[in-house]
Protein chains: 2
Amino acid sequence: MRIDMQQFWTEKDFDALDKRQRAQFFNSLSGAKSANLVGTVDGQGQTNLSMVSSCVHLGANPSLMAMIIRPRAVARHTIENLIEMNHWTINHVTAPMVHQAHQTSARYPKEVSEFDAVGLTAEFKNNFVAPFVKESPLQIGLKLVRVVPIIENDTEMVIGEIKQVYFEGAALRQDGSLSINKLGTVAVTGLDHYQSLNHLVRLSYAKPSESLEELTDI
Amino acid sequence: MRIDMQQFWTEKDFDALDKRQRAQFFNSLSGAKSANLVGTVDGQGQTNLSMVSSCVHLGANPSLMAMIIRPRAVARHTIENLIEMNHWTINHVTAPMVHQAHQTSARYPKEVSEFDAVGLTAEFKNNFVAPFVKESPLQIGLKLVRVVPIIENDTEMVIGEIKQVYFEGAALRQDGSLSINKLGTVAVTGLDHYQSLNHLVRLSYAKPSESLEELTDI
């Protein structure tokens, strides 16, 4: 058990950080983040690919996923494309793709596709409007449900319904879950730190009067 | 590069899953998730602690964090407490705390504090209304900004402003970021799989015409 916390910060400490440090600090606080590439296309066929670390599960039925998109004043291609075309893709990032995935966060002009710029492959398949990332072991096609404005800082939460999922069959377990370890998906912490995920323990469904069991199907 | 994806699922495949498999499958899709314990208290002093894997960074200035809360029909203690008291805490989960953290997801009656039930320590300090988890190496105190209803499935997004942060000083880097590895924070994948985070690479800020550098301050 830890007995002391050496640092206690409040608003005056936050305000003593410069802008870049402040971004680094607060981006560290949520802990592990998902590492996904979001693929979109506009009506003229111009593709776009962007690194997103804010994808979050909303619910299984209906099957909904959300992500937080930065203010349009700083990054508008993804949000504009997905509103125009009503569809986008989410693609897990693996260790061999980390440098390419991170490079998509550079500010390329609209007429440059990040797929081409970083060397990943845009894959159009099964009549889905938006491009998947061919190199990714888990690819999800979503249809726009709603954009929720977050008025406090001009970000937006985009809610999508999951329409198509492509994945490596070896990762599927009997219970319906996917082994993220078999897929090779990585995590992000802070703004720029890529981390591998290593199995610690899988635990049984918790009930008040029962002890947890460690699941062996990992 | 991967050349085939053995599995391609659409709505008919989703609908072939039973309810539990469906929850497992869709909870796997976002990838890595943060592992946090949310501490609250009601007006009578009854504390509550719940495992939340949906905390997400919203912005650094103002310093905002959000989380998705399940429908009140299935889990109402956390949301009711934080609306009543306007404050809550988010506390990183580490490997030694994983069993206790997971056990908080059991359906305890309102009069039972999960702190007591699982053996974690509620810590009230510096006049903050909600209880921190003493065993956690990163503790965040938040004030309610807004609850956003997600009408599509009766979940809610709770937006909070970060007011207090306690952390182990050794984890702070010069650039303002925190080393999640030094804190020992774990990740969750799917509903029940706890994973350690292991350094792969830290990358420099991406620019269109520059090569990425691997940062040495890890």
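Numbers restart at 1 for each chain; the letters A, B, ... are given by sequence-line order, proteins then strands.
Of the possible donor and acceptor atoms, one in the side chain of B:N36 sits under 3.5 Å from a partner among the backbone N and O of A:S30. Side chain of A:Q164 to backbone of A:N126: a donor-acceptor contact under 3.5 angstrom is found. B:H92 places a side-chain N or O within donor-acceptor distance of the main-chain N or O of A:L29, the cut-off being under 3.5 Å. No donor-acceptor pair closer than 3.5 Å links the side chain of A:E156 to the backbone N or O of A:P149.
Both the backbone and the side chain of A:Y194 come within contact range of chain B, with heavy atoms under 4.5 Å apart. For a residue to count as touching a neighbouring chain, one of its non-hydrogen atoms must lie under 4.5 Å from one of that chain's; by this rule A:L64 touches chain B with the side chain only. For A:A117, no part sits under 4.5 Å from any heavy atom of chain B, backbone or side chain. Only the side chain of A:V148 comes within contact range of chain B, judged by heavy atoms closer than 4.5 Å. Interface residue A:E210: only backbone heavy atoms are found under 4.5 Å from chain B. There is no contact between A:S53 and chain B, counting heavy-atom distances below 4.5 Å. Contacts between A:T10 and chain B at a heavy-atom distance below 4.5 Å involve backbone atoms as well as side-chain atoms. In this structure, chain B has a heavy atom under 4.5 Å from the backbone of A:Q174, while its side chain stays farther away.
B:F8 has its ring centre no less than 6.0 Å from the ring centre of A:F128.
More than 12 heavy atoms of other residues, nucleotides or ligands shown are found within 6.0 angstrom of CD on A:E111. Atom CG of A:D15 has more than 12 heavy atoms from other residues, nucleotides or ligands within 6.0 Å.
Your options are A:Q21, A:K19, A:K207, and the one with the most heavy-atom pairs under 4.5 Å with chain B is A:Q21. Here A:R146 is the residue among A:E11, A:M67, A:R146 with the most heavy-atom pairs under 4.5 Å with chain B. Heavy-atom pairs under 4.5 Å with chain B were tallied for A:G31, A:P208, A:S34; the largest tally goes to A:P208.
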